[in-house]
Amino acid sequence: MSAPKEQEAPNKNMKISIITPVYNAVSSIEKTILSVIQQEIKSELEYIIIDGGSNDGTLEIIQRYADNINISICEKDNGIYDAMNKGISCASGDIIGIINADDWYNDKALQNIENIFLQEPKIDIIYSPLHNYYNGEYLNTFIPGVLNNLIFKFTLNHPSCFVRKSVYEKIGLFDLSYSIAADYDFIFRAYIHGFGFHYVETPLASYSLNGFTGEPWNKFKEISESWRVGSGFAKQTAKDLIIKRQRFYLVWIAKELLTFLPKQFIKPPIARRIKDKFRKAIAGLPSDQFGVW
């Protein structure tokens with residue numbers, strides 16, 4: 001019997017670009033920066049920070065780590081997705097990850113994706129579960145839903161996604177007509193174009209629920225924009241899928257209307273315990289196939 005083939009070392013010529021869009025995040029930007037620059041990988045790491053004109057001390061913290069930041073841009077932008085687009089346009093890496101200033105990468109996250117991309121050239125996008133935090137304390141772990149349900153809503157979470165730059169080059173950047181759902185729109189476009197997705201069971205990033213999309217009224221904007229993302233494609237599908245999608249959104253809106261007032265008084269940790277009890281009592285919730293929050 002021949003000896004097992006020795007695993008090849010990662011190619012040091014591969015480059016990973018990480019982009020952090022930020023605006024007035026003085027209390028969290030340092031943790032985000034450290035979570036990037038302290039990653040140990042054999043590939044070249046390019047770190048890009050796009051600041052929208054912070055005036056709260058964020059820039060001073062960024063300057064503190066200037067030696068570890070390859071590109072730093074500070075100028076007014078048209079929102080977070082515009083900042084992301086600027087970063088992607090500057091990036092020279094083969095792989096691109098985007099981590100917001102309120103979020104951070106978990107230990108060995110870049111090492112994990114480095115190995116997978118090098119070993120599996122047909123993989124274009126990696127995604128994973130995501131640790132959720134509220135007020136600095138661990139809340140739960142988001143488990144992505146099935147990709148087929150992207151026609152209904154965003155079943156992944158963007159901070160855990162790593163994308164080959166060639167995907168952006170082929171299908172374009174983030175659509176700035178969306179203020180909340182541009183990441184969903186991009187991932188959905190990648191999915192219907194047939195790019196290769198790969199699920200990693202280890203959570204690659206951690207996410208703060210104190211951010212923009214956590215504001216109460218933003219949930220209704222998210223529903224509106226999510227509907228628009230898949231509507232064009234849905235019109236080309238079977239009538240039963242169109243009807244199923246319409247029902248899904250009616251239920252989603254009704255659920256948000258019914259829970260809107262309670263959500264103003266019930267904090268996420270308590271809401272999480274209530275939801276977990278329901279999930280255990282009925283062996284899972286119908287919404288779990290779209291992502292377990």
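Hydrogens, waters and symmetry mates play no part in the numbers below; they use all other heavy atoms, side chains included.
- Applying the ring pair (Phe, Tyr, Trp, His ring centres under 6.0 Å) criterion to Tyr184, with sequence neighbours excluded, gives Phe154.
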| said: Could you walk me through whether Glu225 and Arg228 satisfy the salt bridge (charged side-chain N to carboxylate O under 4.0 Å, His left out) test, starting with their C-alpha distance in whole Å, then the side-chain angles of each, then the deciding distance to 0.1 Å, before giving a yes or no? | reply: CA-CA 5 Å; Glu225 292 191 2; Arg228 185 156 62 93; 5.1 Å; no

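- Residue pairs meeting the side chain to side chain donor-acceptor pair (under 3.5 Å) criterion with at least one member in residues 194-205: none, sequence neighbours excluded.
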Listing, residues 185-192 side-chain donor-acceptor contacts under 3.5 Å, not counting sequence neighbours, or none:
from   : atom 1 : to     : atom 2 : distance (Å)
Asp185 : OD2    : Arg189 : NE     : 3.0
Asp185 : OD2    : Arg189 : NH2    : 3.2
Arg189 : NH1    : Ile171 : O      : 2.5
Arg189 : NH2    : Leu173 : O      : 2.7
Tyr191 : OH     : Asn148 : OD1    : 2.5

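- In this structure a side-chain-to-backbone donor-acceptor pair under 3.5 Å is missing from Asp51 to Ile73.
- Checking Tyr81 against Asp183 by side-chain atom types alone, a donor-acceptor pair falls below 3.5 Å.
- Contact detail for Leu204 and Ala109: the closest heavy-atom pair is O-CB, 3.2 Å.
- Residues passing the ring pair (Phe, Tyr, Trp, His ring centres under 6.0 Å) test with Trp227 are Tyr249, sequence neighbours excluded.
- Between the side chains of Tyr47 and Thr20, a donor-acceptor pair is found at a separation under 3.5 Å.
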Please set out all donor-acceptor pairs under 3.5 angstrom arising from side-chain atoms of residues 25-37, sequence neighbours excluded.
from  : atom 1 : to     : atom 2 : distance (Å)
Ser28 : OG     : Ala101 : O      : 2.9
Ser28 : OG     : Asp102 : OD1    : 3.0
Glu30 : OE2    : Arg64  : NH1    : 3.2
Glu30 : OE2    : Tyr65  : OH     : 2.4
Thr32 : OG1    : Ser28  : O      : 3.4
Thr32 : OG1    : Ala101 : O      : 2.8
Thr32 : OG1    : Asp103 : O      : 2.7
Ser35 : OG     : Thr32  : O      : 2.8
Ser35 : OG     : Tyr105 : N      : 3.0

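- Residues His158 and Met84 have side chains in contact (heavy-atom distance under 4.5 Å, counting atoms from C-beta outward).
- For the side chain to side chain donor-acceptor pair (under 3.5 Å) condition, the pairs that include at least one residue of residues 82-98, sequence neighbours left out, are Lys15-Ser92, Glu46-Ser92, Glu75-Lys86.
- Side-chain contact between Ile125 and Leu156: absent, with no pair of heavy atoms (C-beta onward) separated by less than 4.5 Å.
- The one candidate from Ile123, Asn112, Ile96, Ile95 that meets the side chain to side chain contact (heavy atoms under 4.5 Å, CB included) condition with Phe162 is Ile95.
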